[in-house]
Amino acid sequence: SHPAVPVEDPVIISAAGRDVEISSPDKEFFADRGETKLDLVNYYLTMAEPVMRQMRNRPVMMQRFPNGAGGSSFFQKRIPDNAPDWLHSTAVHTMYGTESRALVIGDIADLVWAVNIGCLGFHVWAFQVNDEHVCDQLRIDLDPGEGTTYAMAQEAAHETRRLLDDLGVRGWIKTSGNRGLHVYVPLATSGPTAHDPIDVRRAAVALARELERRRPDLITSSWWKEERGPRIFVDFNQNAPHKTVFGAWSVRAL
């Protein structure tokens, strides 16, 4: 007979004034260095201020890794039926009008709850909760395709900054994936300068085309891959109303 496998006792984490139970806290999430689910929770608690500055009151799509970062994953837009009553959520819609009840990162307890069910990082919508018709971020995705280098993505980012400087606009840069870069431009959410997602996507298309006009050797706005060549693609469709972008300070499986 085989010896009984010990059952890990859950731990209770205090987050945003709530007690959140972490089941299997010693479950290994990152095999290379042996970091556990509890290590990931503690990372987010340590980084709570910048994380919440970027995600607070935004709906997110969850990417769950039931067997840790080295295992398979799946995306989950809807919160499960057994979610706690205090969990923040809101209705989001696809481009076809399908409605889902999505998790909202209203406070750090919401995020810790999601980590407990196997989320490493979070894919974030570009609007605040309960106002999906007002987009508050223009997202410039500098996507390095086949035959490009990270140095080329960096150069494209510098070209993007020069264009934004010419427009009197400030952008904020972050890494994305293996070699990509994102630039976020904050947008007003009230008054005559508030924009819906369709307007913002149109602006992203115009920006991509202007970058290509300035640097056709380096940058492309071509939607079809076979037309891009070894250039950095400005993926304007990251600003489509139904799109999410991987959140700043979120943990990737890589």
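Keep in mind that the numbers below use all heavy atoms, side chains included, and drop hydrogens, waters and symmetry copies. Residue numbers run from 1 in the order of the sequence given. Worth saying up front: this structure is predicted, and the values here are computed from it rather than measured.
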Strictly below 4.0 Å, N to O, side chains only: are R228 and E146 in salt-bridge contact?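 Answer for the salt bridge query: no.
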Do the side chains of [X] and [Y] join up, straight or via other hydrophobic residues, at under 4.5 Å, putting them in one cluster?
X    : Y    : result
L211 : I173 : yes
I140 : Y150 : yes
I13  : L111 : yes
W86  : Y44  : yes
L142 : V169 : yes

Do [X] and [Y] make a side-chain contact, defined as non-hydrogen atoms from C-beta onward lying under 4.5 Å apart?
X    : Y    : result
V245 : H182 : yes
L40  : L120 : yes
W113 : I22  : no
L103 : S89  : no
L187 : Q137 : no

Exceeds 12 heavy-atom contacts within 6.0 angstrom, atom CZ of R162: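 Yes, enclosed.
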Report the C-alpha separation of Y43 and V251 in whole Å, then their side-chain angles, then the decisive distance to 0.1 Å, and conclude whether the side-chain contact (heavy atoms from CB on, under 4.5 Å) test is met. CA-CA 9 Å; Y43 161 77; V251 173; 3.4 Å; yes
Is a donor from one side chain sitting under 3.5 angstrom from an acceptor on the other, for T36 and E28? no
Is the charged tip of R64 near the ring of F75: under 6.0 Å from the six-membered ring centre and within 45° of its axis?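 Not satisfied by the 6.0 Å and 45° rule.
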Kindly indicate, with the supporting measurements, whether the criterion salt bridge (Lys or Arg N to Asp or Glu O under 4.0 Å) is fulfilled by D136 and R58. CA-CA 11 Å; D136 67 352; R58 295 183 185 276; 2.9 Å; yes
What residue pairs, at least two apart or across chains, pass side chain to side chain donor-acceptor pair (under 3.5 Å) with a residue in residues 198-211?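 Of all non-adjacent pairs touching residues 198-211, those that pass side chain to side chain donor-acceptor pair (under 3.5 Å) are D199-R202, R201-N237, E210-R213, E210-R214.
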Can you list every ring-ring contact (aromatic ring centres under 6.0 Å, His included) pair that touches residues 202-235, not counting sequence neighbours? W223-F236
So that I know where these two stand, are H133 and F127 an aromatic pair - ring centroids less than 6.0 Å apart?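 No, ring centres 6.0 Å or more apart.
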